[in-house]
Amino acid sequence: MSEPDAEWQRKNCLKCYNYFREQERLRSLVKLSNDIDIDQLKYIGGVDLSFPLNDNKHAVACLVVLDYPSMKLVHSSFKQVVLTLPYIPGYLAFREVEPLVALLKDLKAANPDIYPQAILVDGNGVLHPRQFGLACHLGVLSDTPCIGVAKNFLHIPQEGSSMEMADVKSRCNIALQRRGDTVELVGSSGFTYGVALRASDSAKNPVFVSQGHRIDLPTAVHLVLSCSKYKNAEPIRMADGLSRQYIRDHYPTS
DNA sequence: GCGACAG
DNA sequence: ATCTTGTCGC
């Protein structure tokens, strides 16, 4: 069963708001060189949103800060969100980025000492049709180093067979044998979108790591791996779990 | 026209 | 994204 008016809604949103052009404008502000010195890293952030069941109007955004490298939780904050847009592949940031920027801004004002030197974002960075996913968007708007960590592969239309889902999957099945193994995601244009990373021995499926802002790819991969006990890196697992907990406690069961 | 598509 | 229990393996 498909959803005919989801398609209708998608096309109208794009026409009305020119999100495509907005991404192309902000893309020029992304910095792909490295600002992170892992030896000096003290705090690492994680962000995520959770949604109540049978409710497409509300969500809860969560920011966590963990001590590095102990991965102990040192901060968590939440923001309730009223959603205005549907989820559209390639335009996730327009649905999620604003509350995340607000949470970061509030933390910087209230407790600058624990403001994270880097943030892991649930979604993609430059692994994106216009090389400007949520992790880039959040990084640019907050001027904070960000890394995209996605649990699923986002299809990149114009980049040939090496970036097709079937091809990526088969390459991963062959190359990703144990924790730390990676597969490079390079398009026919020569652009490196990111890597598929096996973050734990027990998780067969990889995460997709890409540069968001002010970080290079090797540093990003190293950092994600060093935060990973399971498939999902601890900062993201924590933000995911706590925002879900918040939903349970603040919204009626449907 | 259909398919493919982070969360 | 969201629902859901136990269960298999180290």
Side-chain angles (χ1 to χ4, degrees), chain A residues 1-4 6-7 9-11 13-14 19-20 23 46-62 81 83-100 120-139 146-169 178-179 185 187 193-197 200-212 220 224 229-233 236-237 239-248 250-254:
Chain A
M1 301 265 211
S2 57
E3 301 163 339
E7 178 71 3
Q9 199 173 14
R10 183 179 76 85
K11 289 183 175 167
C13 284
L14 298 187
Y19 289 148
F20 183 99
Q23 288 178 331
V47 292
D48 191 27
L49 272 75
S50 286
F51 306 80
L53 186 57
N54 301 329
D55 178 349
N56 55 346
K57 292 283 180 252
H58 302 98
V60 169
C62 173
V81 184
L83 298 168
T84 65
L85 299 172
Y87 164 65
I88 306 164
Y91 299 91
L92 174 66
F94 295 99
R95 187 168 150 92
E96 300 196 345
V97 80
E98 240 184 62
L100 300 178
L120 304 190
V121 179
D122 195 351
N124 290 308
V126 298
L127 176 42
H128 178 277
R130 288 162 296 286
Q131 297 82 53
F132 196 73
L134 174 59
C136 302
H137 210 131
L138 181 61
C146 282
I147 302 171
V149 187
K151 293 179 288 298
N152 295 97
F153 181 69
L154 174 62
H155 186 237
I156 309 289
Q158 70 280 16
E159 280 289 7
S161 64
S162 65
M163 288 296 287
E164 277 168 19
M165 191 153 208
D167 208 72
V168 170
K169 273 184 183 167
R178 56 177 198 180
R179 177 187 149 95
L185 275 16
Y193 283 87
V195 304
L197 167 70
S200 90
D201 287 323
S202 51
K204 173 189 172 156
N205 294 321
V207 291
F208 297 89
V209 179
S210 58
Q211 295 164 82
V224 170
K229 297 176 184 148
Y230 311 105
K231 169 173 173 172
N232 291 134
I236 289 178
R237 243 171 51 82
D240 186 73
L242 293 178
S243 59
R244 216 170 265 186
Q245 172 80 250
Y246 190 102
I247 291 282
R248 284 200 300 269
H250 292 74
Y251 289 83
T253 305
S254 312

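The figures here come from the full heavy-atom set of this structure, side chains too, leaving out hydrogens, waters and symmetry mates. So you know, we letter chains A, B, ... as the sequences are listed, proteins then strands, and number each from 1. If you're wondering where the values come from, they're calculated on a predicted model, not measured in any experiment.
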[X] [atom1] - [N] [atom2] separation (whole Å):
{"X": "A:His128", "N": "B:dA4", "atom1": "NE2", "atom2": "P", "result": "20 Å"}
{"X": "A:Leu127", "N": "B:dC5", "atom1": "CG", "atom2": "C1'", "result": "12 Å"}
{"X": "A:Glu96", "N": "B:dG7", "atom1": "CD", "atom2": "P", "result": "9 Å"}
{"X": "A:Ile236", "N": "C:dA1", "atom1": "CD1", "atom2": "P", "result": "11 Å"}
{"X": "A:Asn124", "N": "B:dC5", "atom1": "CG", "atom2": "C1'", "result": "11 Å"}
{"X": "A:Asn56", "N": "C:dC3", "atom1": "CG", "atom2": "P", "result": "15 Å"}
{"X": "A:Asp122", "N": "C:dA1", "atom1": "CG", "atom2": "C1'", "result": "10 Å"}
{"X": "A:Leu92", "N": "B:dA4", "atom1": "CG", "atom2": "P", "result": "21 Å"}

Taking the six-membered ring for Trp, are the ring centroids of A:His137 and A:Phe132 within less than 6.0 Å of each other?
-> yes
For the aromatic rings, using the six-membered ring if either is Trp, is the centroid distance between A:His128 and A:Tyr193 under 6.0 Å?
no
Could you check whether any side-chain N or O of A:Gln211 sits under 3.5 Å from a backbone N or O of A:Ala220, counting only pairs where one atom can act as donor and the other as acceptor?
no
- Donor-acceptor under 3.5 Å (A:Arg95 side chain, A:Leu85 main chain): yes
Per-residue pairing states of DNA chain C in dot-bracket (Watson-Crick or G-U under 3.5 Å; . unpaired, | other strand) read ..........
Of A:Asn232, A:Val209, A:Ile236, the one forming a side chain to side chain contact (heavy atoms under 4.5 Å, CB included) with A:Val224 is A:Val209
Pairs under 3.5 Å (Watson-Crick or G-U), crossing ones as [ ], inter-strand ones as |: DNA chain B comes out as .......
Q. Do you see a donor-acceptor pair shorter than 3.5 Å between the side chains of A:Tyr91 and A:Arg130?
A. yes
Should [X] be listed as having a side-chain N or O under 4.0 Å from OP1 or OP2 of [N]?
{"X": "A:Ser50", "N": "C:dT2", "answer": "yes"}
{"X": "A:Arg95", "N": "B:dA6", "answer": "no"}
{"X": "A:Lys151", "N": "B:dG7", "answer": "yes"}
{"X": "A:Asn152", "N": "B:dG7", "answer": "yes"}

Crowding at CD, A:Glu98 (>12 non-hydrogen neighbours, <6.0 Å): no
Is the number of heavy atoms from other residues, nucleotides or ligands within 6.0 Å of NZ (A:Lys169) greater than 12? no
Test salt bridge (Lys or Arg N to Asp or Glu O under 4.0 Å), reference A:Lys151, set A:Asp240, A:Asp122, A:Asp48, output is A:Asp122
### Message
For C:dA1, is there a stacking contact with A:Phe51, counting only centres under 5.5 Å and planes under 30°?
### Response
no
Which of B:dC5, C:dT2, B:dA6 is nearest the side chain of A:Arg244? It is C:dT2
